[in-house]
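To find a chain, count down the sequence lines: A is the first, B the second, and so on, and within it residues start at 1.
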Amino acid sequence: MAAPMSNVEEIRSRVILGEFGVKNVHTTDFPGNYPGFDDTWDMKRFQKNFRIDVVHLDENSMEFDMVGIDAAIANAFRRILLAEVPTMAIEKVFIYNNTSIVQDEVLAHRLGLIPIKADPRLFEFKNTEEEASEIDTIKLQLKIKCSRNPRASKDSSDPQELYLNHMVYSKDIEWVPIGNQADVFADSCIRPVHDDILIAQLRPGQELDIIMHCVKGIGKKVAKVVNSRLDTCSREVLRHSDLKNCVKLGRVRDHFIFTVESTGILPPDVLVTEAIQVLMAKCQSFLSEMNSVDME
Amino acid sequence: SMAEEGEKKPVLEMVQADGADDGCVTFVMHNEDHTLGNSLRYMIMKNPDVEFCGYTITHPSESKINFRIQTRGGIPAVEPLQNGLNELHEVCQHVLNTFQARVNEFKEAQEKPME
(Lines give C-alpha, C1' and ligand atoms only; values in the text may rest on other atoms or scores of the structure.)
Protein backbone atom coordinates (compact mmCIF):
# COMPACT_ATOMS: atom_id res chain seq x y z
CA MET A 1 0.00 0.00 0.00
CA ALA A 2 1.19 3.46 -0.80
CA ALA A 3 2.35 5.58 2.09
CA PRO A 4 -0.49 7.82 3.34
CA MET A 5 -0.26 11.38 2.10
CA SER A 6 0.04 14.19 4.59
CA ASN A 7 -3.01 16.37 4.98
CA VAL A 8 -1.32 19.44 3.53
CA GLU A 9 0.06 17.48 0.59
CA GLU A 10 -3.42 16.17 -0.12
CA ILE A 11 -5.04 19.61 -0.09
CA ARG A 12 -2.36 20.88 -2.44
CA SER A 13 -2.43 18.10 -5.00
CA ARG A 14 -5.82 16.39 -4.90
CA VAL A 15 -9.44 17.24 -5.53
CA ILE A 16 -11.49 15.12 -3.14
CA LEU A 17 -14.79 13.59 -4.22
CA GLY A 18 -16.90 13.33 -1.09
CA GLU A 19 -20.34 11.83 -0.59
CA PHE A 20 -22.12 15.17 -0.66
CA GLY A 21 -19.76 17.35 -2.61
CA VAL A 22 -16.34 18.02 -4.01
CA LYS A 23 -13.61 19.36 -1.71
CA ASN A 24 -10.39 21.28 -2.34
CA VAL A 25 -11.51 22.45 -5.75
CA HIS A 26 -9.44 25.61 -5.88
CA THR A 27 -5.74 25.92 -6.48
CA THR A 28 -4.09 27.02 -3.25
CA ASP A 29 -0.36 26.56 -3.84
CA PHE A 30 0.48 30.27 -3.97
CA PRO A 31 3.41 31.91 -2.18
CA GLY A 32 2.62 32.68 1.45
CA ASN A 33 -0.19 30.15 1.82
CA TYR A 34 1.82 27.22 3.14
CA PRO A 35 4.74 27.63 5.56
CA GLY A 36 7.71 25.56 4.47
CA PHE A 37 6.74 25.46 0.79
CA ASP A 38 8.28 27.67 -1.85
CA ASP A 39 5.39 28.20 -4.24
CA THR A 40 6.99 31.01 -6.24
CA TRP A 41 6.72 30.41 -9.99
CA ASP A 42 9.66 28.36 -11.19
CA MET A 43 9.92 27.89 -14.94
CA LYS A 44 12.61 25.20 -14.62
CA ARG A 45 10.45 23.16 -12.25
CA PHE A 46 7.46 23.54 -14.55
CA GLN A 47 9.44 22.40 -17.58
CA LYS A 48 10.78 19.41 -15.65
CA ASN A 49 7.36 18.23 -14.47
CA PHE A 50 5.23 19.11 -17.50
CA ARG A 51 4.24 16.17 -19.69
CA ILE A 52 2.04 15.48 -22.69
CA ASP A 53 1.11 11.94 -23.77
CA VAL A 54 -0.71 11.48 -27.06
CA VAL A 55 -3.13 8.57 -26.74
CA HIS A 56 -4.96 8.76 -30.03
CA LEU A 57 -4.70 10.82 -33.21
CA ASP A 58 -6.50 10.60 -36.55
CA GLU A 59 -7.88 13.11 -39.08
CA ASN A 60 -10.94 14.03 -37.05
CA SER A 61 -10.18 13.47 -33.40
CA MET A 62 -7.40 13.17 -30.91
CA GLU A 63 -6.90 12.43 -27.27
CA PHE A 64 -3.99 13.39 -25.08
CA ASP A 65 -3.02 13.81 -21.44
CA MET A 66 -1.64 17.10 -20.23
CA VAL A 67 0.06 16.74 -16.86
CA GLY A 68 1.76 19.25 -14.59
CA ILE A 69 -0.12 22.41 -15.52
CA ASP A 70 -2.68 24.42 -13.57
CA ALA A 71 -6.39 24.12 -14.35
CA ALA A 72 -6.54 27.83 -15.19
CA ILE A 73 -4.15 27.45 -18.12
CA ALA A 74 -5.47 24.06 -19.30
CA ASN A 75 -8.96 25.56 -19.22
CA ALA A 76 -7.78 28.54 -21.26
CA PHE A 77 -6.72 26.16 -24.05
CA ARG A 78 -10.10 24.41 -23.83
CA ARG A 79 -12.01 27.70 -23.98
CA ILE A 80 -9.99 28.89 -26.97
CA LEU A 81 -10.57 25.60 -28.81
CA LEU A 82 -14.30 25.99 -28.30
CA ALA A 83 -14.72 29.63 -29.12
CA GLU A 84 -11.65 31.33 -30.54
CA VAL A 85 -9.90 29.22 -33.14
CA PRO A 86 -10.56 30.96 -36.47
CA THR A 87 -12.50 29.23 -39.27
CA MET A 88 -13.94 30.18 -42.63
CA ALA A 89 -17.74 30.42 -42.47
CA ILE A 90 -20.49 31.72 -44.71
CA GLU A 91 -21.13 35.29 -43.61
CA LYS A 92 -23.16 36.86 -46.42
CA VAL A 93 -25.83 35.20 -48.53
CA PHE A 94 -27.05 36.96 -51.68
CA ILE A 95 -30.30 35.40 -52.82
CA TYR A 96 -30.99 36.23 -56.47
CA ASN A 97 -33.81 33.74 -56.79
CA ASN A 98 -35.55 31.45 -54.33
CA THR A 99 -38.86 29.95 -55.39
CA SER A 100 -38.63 27.06 -52.94
CA ILE A 101 -40.91 26.86 -49.89
CA VAL A 102 -37.98 27.61 -47.59
CA GLN A 103 -38.04 31.31 -46.68
CA ASP A 104 -34.99 33.39 -47.64
CA GLU A 105 -33.92 34.06 -44.05
CA VAL A 106 -34.29 30.40 -43.03
CA LEU A 107 -32.29 29.34 -46.06
CA ALA A 108 -29.58 31.89 -45.27
CA HIS A 109 -29.35 30.61 -41.71
CA ARG A 110 -29.11 26.99 -42.86
CA LEU A 111 -26.32 27.88 -45.28
CA GLY A 112 -24.46 29.76 -42.55
CA LEU A 113 -24.11 26.59 -40.47
CA ILE A 114 -22.41 24.50 -43.18
CA PRO A 115 -18.72 23.97 -42.39
CA ILE A 116 -16.48 24.96 -45.31
CA LYS A 117 -13.24 23.11 -45.99
CA ALA A 118 -10.70 25.89 -46.41
CA ASP A 119 -7.55 26.53 -44.41
CA PRO A 120 -8.27 29.68 -42.34
CA ARG A 121 -4.53 30.27 -41.86
CA LEU A 122 -4.31 31.26 -45.53
CA PHE A 123 -6.85 34.09 -45.17
CA GLU A 124 -6.91 37.45 -43.42
CA PHE A 125 -9.68 38.75 -41.16
CA LYS A 126 -11.98 40.86 -43.29
CA ASN A 127 -12.14 44.58 -42.68
CA THR A 128 -15.84 45.41 -42.55
CA GLU A 129 -15.42 48.63 -44.50
CA GLU A 130 -13.54 47.33 -47.51
CA GLU A 131 -14.70 45.44 -50.58
CA ALA A 132 -14.38 41.66 -50.57
CA SER A 133 -11.06 40.53 -52.02
CA GLU A 134 -9.11 37.35 -52.72
CA ILE A 135 -7.16 37.56 -49.45
CA ASP A 136 -10.18 37.60 -47.14
CA THR A 137 -13.21 36.14 -48.95
CA ILE A 138 -14.29 32.88 -50.55
CA LYS A 139 -17.15 33.05 -53.03
CA LEU A 140 -19.53 30.09 -53.33
CA GLN A 141 -22.46 29.54 -55.64
CA LEU A 142 -25.59 27.43 -55.32
CA LYS A 143 -27.55 27.37 -58.56
CA ILE A 144 -30.02 24.55 -58.99
CA LYS A 145 -33.42 23.97 -60.56
CA CYS A 146 -35.79 21.09 -60.08
CA SER A 147 -37.51 19.43 -63.05
CA ARG A 148 -39.59 16.37 -63.90
CA ASN A 149 -37.72 13.22 -64.74
CA PRO A 150 -38.77 12.36 -68.31
CA ARG A 151 -37.72 8.74 -67.75
CA ALA A 152 -39.92 8.17 -64.69
CA SER A 153 -42.52 5.44 -65.08
CA LYS A 154 -46.11 6.69 -65.46
CA ASP A 155 -47.60 5.25 -62.27
CA SER A 156 -44.68 6.07 -60.00
CA SER A 157 -45.30 8.07 -56.83
CA ASP A 158 -41.74 8.12 -55.58
CA PRO A 159 -40.24 11.64 -55.61
CA GLN A 160 -36.76 10.10 -56.07
CA GLU A 161 -37.90 8.76 -59.41
CA LEU A 162 -40.32 11.48 -60.45
CA TYR A 163 -38.06 14.53 -60.12
CA LEU A 164 -34.53 15.62 -60.87
CA ASN A 165 -32.62 17.83 -58.41
CA HIS A 166 -35.46 17.75 -55.89
CA MET A 167 -33.06 17.35 -52.95
CA VAL A 168 -30.51 20.14 -52.61
CA TYR A 169 -27.41 18.96 -50.77
CA SER A 170 -24.27 20.74 -49.64
CA LYS A 171 -22.40 18.99 -52.48
CA ASP A 172 -24.34 21.20 -54.94
CA ILE A 173 -22.47 24.24 -53.63
CA GLU A 174 -19.71 25.26 -56.01
CA TRP A 175 -16.61 27.32 -55.38
CA VAL A 176 -16.17 30.42 -57.56
CA PRO A 177 -12.50 31.47 -57.32
CA ILE A 178 -11.86 35.20 -57.21
CA GLY A 179 -8.60 36.89 -58.23
CA ASN A 180 -5.66 34.48 -58.11
CA GLN A 181 -7.45 31.94 -55.88
CA ALA A 182 -7.76 29.36 -58.67
CA ASP A 183 -3.95 29.13 -58.79
CA VAL A 184 -3.24 29.55 -55.06
CA PHE A 185 -5.76 26.94 -53.93
CA ALA A 186 -5.43 24.64 -56.97
CA ASP A 187 -4.38 21.68 -54.80
CA SER A 188 -6.85 22.18 -51.99
CA CYS A 189 -10.27 22.31 -53.59
CA ILE A 190 -12.49 24.54 -51.47
CA ARG A 191 -15.91 22.99 -50.74
CA PRO A 192 -18.22 22.00 -47.88
CA VAL A 193 -16.69 19.50 -45.43
CA HIS A 194 -19.69 17.19 -45.76
CA ASP A 195 -21.43 16.43 -49.06
CA ASP A 196 -24.69 15.12 -47.63
CA ILE A 197 -26.16 18.05 -45.68
CA LEU A 198 -29.72 18.57 -46.91
CA ILE A 199 -30.32 22.26 -47.55
CA ALA A 200 -33.81 22.29 -49.11
CA GLN A 201 -36.30 20.21 -51.05
CA LEU A 202 -37.67 21.43 -54.37
CA ARG A 203 -40.52 20.55 -56.72
CA PRO A 204 -40.52 20.95 -60.53
CA GLY A 205 -40.15 24.58 -61.55
CA GLN A 206 -38.69 25.72 -58.22
CA GLU A 207 -35.13 26.98 -58.22
CA LEU A 208 -32.37 28.45 -56.09
CA ASP A 209 -29.83 30.99 -57.31
CA ILE A 210 -27.57 32.06 -54.48
CA ILE A 211 -24.10 33.57 -54.07
CA MET A 212 -22.38 33.20 -50.68
CA HIS A 213 -19.37 35.01 -49.23
CA CYS A 214 -17.25 33.18 -46.63
CA VAL A 215 -14.99 35.16 -44.34
CA LYS A 216 -12.63 34.31 -41.51
CA GLY A 217 -14.18 34.47 -38.08
CA ILE A 218 -13.92 32.94 -34.65
CA GLY A 219 -16.53 30.21 -34.90
CA LYS A 220 -18.28 29.02 -31.80
CA LYS A 221 -18.58 25.47 -33.08
CA VAL A 222 -15.13 24.50 -34.28
CA ALA A 223 -14.13 21.77 -31.94
CA LYS A 224 -15.29 20.08 -28.84
CA VAL A 225 -13.27 19.23 -25.78
CA VAL A 226 -14.32 17.05 -22.94
CA ASN A 227 -12.21 16.15 -19.95
CA SER A 228 -13.07 12.56 -19.28
CA ARG A 229 -11.76 9.22 -20.40
CA LEU A 230 -12.84 6.13 -18.48
CA ASP A 231 -12.90 8.43 -15.49
CA THR A 232 -16.49 9.54 -15.13
CA CYS A 233 -15.88 10.80 -11.58
CA SER A 234 -18.42 8.30 -10.32
CA ARG A 235 -19.17 8.47 -6.64
CA GLU A 236 -21.32 5.32 -6.70
CA VAL A 237 -19.10 3.60 -4.13
CA LEU A 238 -20.07 6.20 -1.52
CA ARG A 239 -23.71 5.04 -1.66
CA HIS A 240 -22.78 1.75 -0.06
CA SER A 241 -22.63 2.28 3.69
CA ASP A 242 -20.29 -0.67 4.30
CA LEU A 243 -17.72 0.72 1.89
CA LYS A 244 -17.92 4.44 2.28
CA ASN A 245 -15.67 4.73 5.30
CA CYS A 246 -13.02 2.54 3.70
CA VAL A 247 -12.40 4.54 0.55
CA LYS A 248 -11.34 8.01 -0.32
CA LEU A 249 -11.88 9.26 -3.85
CA GLY A 250 -9.53 11.84 -5.23
CA ARG A 251 -8.43 13.30 -8.53
CA VAL A 252 -4.94 14.48 -9.32
CA ARG A 253 -5.31 18.24 -9.58
CA ASP A 254 -2.94 18.85 -12.46
CA HIS A 255 -3.76 15.92 -14.76
CA PHE A 256 -6.06 16.74 -17.69
CA ILE A 257 -7.40 14.49 -20.40
CA PHE A 258 -8.15 16.40 -23.58
CA THR A 259 -10.42 14.97 -26.25
CA VAL A 260 -10.52 17.15 -29.34
CA GLU A 261 -13.01 16.61 -32.14
CA SER A 262 -12.53 18.59 -35.32
CA THR A 263 -15.31 19.55 -37.73
CA GLY A 264 -13.00 18.34 -40.50
CA ILE A 265 -11.57 21.64 -41.67
CA LEU A 266 -8.26 21.39 -39.82
CA PRO A 267 -6.78 18.25 -38.24
CA PRO A 268 -7.20 18.18 -34.43
CA ASP A 269 -3.47 18.53 -33.70
CA VAL A 270 -3.41 21.73 -35.78
CA LEU A 271 -6.43 23.04 -33.84
CA VAL A 272 -4.60 22.55 -30.53
CA THR A 273 -1.47 24.20 -31.95
CA GLU A 274 -3.58 27.14 -33.12
CA ALA A 275 -5.28 27.41 -29.72
CA ILE A 276 -1.94 27.61 -27.88
CA GLN A 277 -0.81 30.28 -30.32
CA VAL A 278 -4.00 32.29 -29.74
CA LEU A 279 -3.21 32.48 -26.01
CA MET A 280 0.38 33.48 -26.83
CA ALA A 281 -0.91 36.20 -29.14
CA LYS A 282 -3.12 37.58 -26.36
CA CYS A 283 -0.08 37.87 -24.05
CA GLN A 284 1.99 39.40 -26.82
CA SER A 285 -0.62 42.01 -27.71
CA PHE A 286 -0.81 43.31 -24.12
CA LEU A 287 2.97 43.24 -23.76
CA SER A 288 3.47 45.32 -26.88
CA GLU A 289 0.65 47.65 -25.80
CA MET A 290 2.49 48.19 -22.49
CA ASN A 291 5.76 48.81 -24.29
CA SER A 292 4.34 51.23 -26.84
CA VAL A 293 2.51 53.42 -24.32
CA ASP A 294 4.21 55.05 -21.40
CA MET A 295 2.72 53.41 -18.33
CA GLU A 296 3.61 56.21 -15.93
CA SER B 1 -5.06 56.94 -18.57
CA MET B 2 -3.72 54.69 -21.31
CA ALA B 3 -6.49 55.65 -23.72
CA GLU B 4 -5.01 56.64 -27.02
CA GLU B 5 -6.35 59.64 -28.87
CA GLY B 6 -8.06 59.05 -32.16
CA GLU B 7 -10.20 56.44 -33.84
CA LYS B 8 -8.91 53.23 -32.23
CA LYS B 9 -10.48 51.91 -29.03
CA PRO B 10 -8.00 51.29 -26.21
CA VAL B 11 -6.91 47.71 -25.51
CA LEU B 12 -5.61 48.34 -22.02
CA GLU B 13 -6.48 51.06 -19.52
CA MET B 14 -5.21 51.79 -16.02
CA VAL B 15 -7.61 52.91 -13.30
CA GLN B 16 -6.36 54.16 -9.94
CA ALA B 17 -8.17 55.59 -6.94
CA ASP B 18 -7.24 59.17 -6.01
CA GLY B 19 -4.12 59.16 -3.87
CA ALA B 20 -3.51 55.43 -4.32
CA ASP B 21 0.07 54.39 -4.93
CA ASP B 22 1.40 52.63 -8.04
CA GLY B 23 1.14 49.30 -6.27
CA CYS B 24 -2.67 49.29 -6.36
CA VAL B 25 -4.00 49.39 -9.89
CA THR B 26 -7.03 48.07 -11.75
CA PHE B 27 -6.25 47.28 -15.38
CA VAL B 28 -9.15 47.28 -17.79
CA MET B 29 -8.46 44.66 -20.44
CA HIS B 30 -10.75 45.00 -23.43
CA ASN B 31 -12.01 42.03 -25.45
CA GLU B 32 -10.89 39.56 -22.79
CA ASP B 33 -12.72 37.12 -20.50
CA HIS B 34 -11.95 34.14 -18.21
CA THR B 35 -9.61 32.70 -20.86
CA LEU B 36 -6.83 35.23 -20.30
CA GLY B 37 -8.17 36.51 -16.96
CA ASN B 38 -7.94 33.27 -15.02
CA SER B 39 -4.70 31.96 -16.53
CA LEU B 40 -2.97 35.32 -16.07
CA ARG B 41 -4.29 35.60 -12.52
CA TYR B 42 -2.69 32.22 -11.74
CA MET B 43 0.70 33.34 -13.08
CA ILE B 44 0.57 36.65 -11.18
CA MET B 45 -0.55 35.00 -7.92
CA LYS B 46 2.62 32.87 -8.16
CA ASN B 47 4.65 36.07 -7.71
CA PRO B 48 5.63 36.61 -4.03
CA ASP B 49 5.63 40.41 -4.53
CA VAL B 50 1.88 40.31 -5.17
CA GLU B 51 -0.42 40.82 -2.22
CA PHE B 52 -3.67 40.50 -4.14
CA CYS B 53 -4.69 39.64 -7.68
CA GLY B 54 -8.20 39.11 -8.98
CA TYR B 55 -10.47 39.96 -11.85
CA THR B 56 -14.14 40.48 -12.64
CA ILE B 57 -16.17 40.48 -15.79
CA THR B 58 -17.91 43.84 -15.63
CA HIS B 59 -21.15 42.74 -17.27
CA PRO B 60 -22.11 39.82 -19.54
CA SER B 61 -22.84 42.20 -22.41
CA GLU B 62 -19.51 44.03 -22.13
CA SER B 63 -16.40 42.33 -23.48
CA LYS B 64 -13.88 43.52 -20.94
CA ILE B 65 -12.44 42.54 -17.57
CA ASN B 66 -11.30 44.56 -14.57
CA PHE B 67 -7.99 43.05 -13.54
CA ARG B 68 -6.83 44.19 -10.09
CA ILE B 69 -3.29 43.91 -8.76
CA GLN B 70 -1.99 45.02 -5.35
CA THR B 71 1.70 44.60 -4.62
CA ARG B 72 3.88 44.44 -1.52
CA GLY B 73 6.74 46.80 -0.75
CA GLY B 74 5.85 49.64 -3.09
CA ILE B 75 6.53 47.76 -6.32
CA PRO B 76 4.56 49.28 -9.22
CA ALA B 77 1.68 46.98 -10.27
CA VAL B 78 2.71 47.08 -13.92
CA GLU B 79 5.78 44.99 -13.08
CA PRO B 80 3.99 41.83 -11.98
CA LEU B 81 1.53 42.31 -14.87
CA GLN B 82 4.38 42.44 -17.36
CA ASN B 83 6.17 39.49 -15.71
CA GLY B 84 2.94 37.48 -15.63
CA LEU B 85 2.30 38.05 -19.31
CA ASN B 86 5.89 37.11 -20.15
CA GLU B 87 5.74 33.96 -18.03
CA LEU B 88 2.38 32.89 -19.44
CA HIS B 89 3.81 33.36 -22.93
CA GLU B 90 6.82 31.25 -21.97
CA VAL B 91 4.58 28.53 -20.51
CA CYS B 92 2.57 28.43 -23.75
CA GLN B 93 5.78 28.18 -25.77
CA HIS B 94 6.89 25.18 -23.71
CA VAL B 95 3.44 23.54 -24.01
CA LEU B 96 3.52 24.15 -27.77
CA ASN B 97 7.03 22.69 -28.19
CA THR B 98 6.17 19.65 -26.06
CA PHE B 99 2.89 19.10 -27.87
CA GLN B 100 4.47 19.26 -31.32
CA ALA B 101 7.31 16.93 -30.31
CA ARG B 102 4.89 14.33 -28.90
CA VAL B 103 2.56 14.57 -31.92
CA ASN B 104 5.50 14.08 -34.30
CA GLU B 105 6.70 11.07 -32.31
CA PHE B 106 3.20 9.63 -32.37
CA LYS B 107 2.89 10.10 -36.14
CA GLU B 108 6.31 8.50 -36.77
CA ALA B 109 5.39 5.52 -34.59
CA GLN B 110 2.12 5.14 -36.51
CA GLU B 111 3.85 5.11 -39.89
CA LYS B 112 6.35 2.45 -38.89
CA PRO B 113 4.75 -1.00 -38.81
CA MET B 114 5.27 -2.89 -35.56
CA GLU B 115 8.48 -4.94 -35.47
Using a 4.5 angstrom heavy-atom cutoff, name the option from A:Ile80, A:Val272, A:Asp53, A:Thr27 with the most pairs to chain B. A:Val272
For the pair A:Ser61 (side chain) and A:Leu57 (backbone), establish whether a donor and an acceptor sit closer than 3.5 Å, ignoring hydrogens and angles. no
Counterpart residues, ring pair (Phe, Tyr, Trp, His ring centres under 6.0 Å), relative to B:Tyr42 (two or more places apart): A:Phe30
From CA spacing to verdict: ring pair (Phe, Tyr, Trp, His ring centres under 6.0 Å), A:Phe64, B:Phe99: CA-CA 9 Å; A:Phe64 62 94; B:Phe99 180 78; 5.2 Å; yes
Options A:Cys283, A:Ala76, A:Ser285, ranked by heavy-atom pairs under 4.5 Å with chain B, top entry: A:Cys283
Has A:Arg12 got its NZ or CZ under 6.0 Å from the middle of the six-membered ring of A:Phe37, at an angle within 45 degrees of the ring axis? yes
With a 4.5 angstrom heavy-atom cut-off, is it the side chain or the backbone of A:Met43 that approaches chain B, or both, or neither? side chain
Exam field: side chain A:Lys126 to backbone A:Val215, donor-acceptor pair closer than 3.5 Å: no
Less than 4.0 angstrom from a charged side-chain N to a carboxylate O is my criterion; do B:Lys64 and B:Asp33 meet it? no
Treating B:Asn104 as the side-chain partner and B:Gln100 as the backbone partner, does any N or O pair qualify as donor plus acceptor under 3.5 Å? yes
Walk me through it: do A:Phe185 and A:Phe123 pass the test ring pair (Phe, Tyr, Trp, His ring centres under 6.0 Å)? CA-CA 11 Å; A:Phe185 302 104; A:Phe123 292 89; 5.1 Å; yes
Residue by residue, scan residues 50-60 of chain B and write down, ordered by number, those that have a heavy-atom distance under 4.5 Å to chain A; if none do, write 'none'. none
Do you know which of A:Asp38, A:Asp42, A:Asp39, A:Asn75 has the most heavy-atom pairs under 4.5 Å to chain B? A:Asp39
Count the heavy atoms belonging to other residues, nucleotides or ligands that lie under 6.0 Å from CD of B:Glu62, then report whether that count exceeds 12. yes
Considering heavy atoms only, which positions within residues 85-94 of chain B lie below 4.5 Å of chain A? B:Leu85, B:Asn86, B:Glu87, B:Leu88, B:His89, B:Glu90, B:Val91, B:Cys92, B:Gln93, B:His94
Please list all pairs meeting salt bridge (charged side-chain N to carboxylate O under 4.0 Å, His left out) that have one or both residues in residues 263-287 of chain A, counting only residues at least two apart or in different chains. A:Glu84-A:Lys282, A:Asp269-B:Lys107, A:Lys282-B:Glu32
Counting only heavy atoms from other residues, nucleotides and ligands, does the tally under 6.0 Å from NE2 of A:His109 exceed 12? no
With a 4.5 Å cut-off on heavy-atom pairs, point out which of A:Ile69, A:Leu279, A:Thr40, A:Asp70 contacts chain B the most. A:Asp70
Interface check, chain A: of B:Pro48, B:Gly84, B:Ala101, B:Gly37, most non-hydrogen pairs under 4.5 Å belong to B:Pro48
Taking A:Lys117 for the side chain and A:Gly264 for the main chain, is one N or O donor matched with an acceptor at less than 3.5 Å? yes
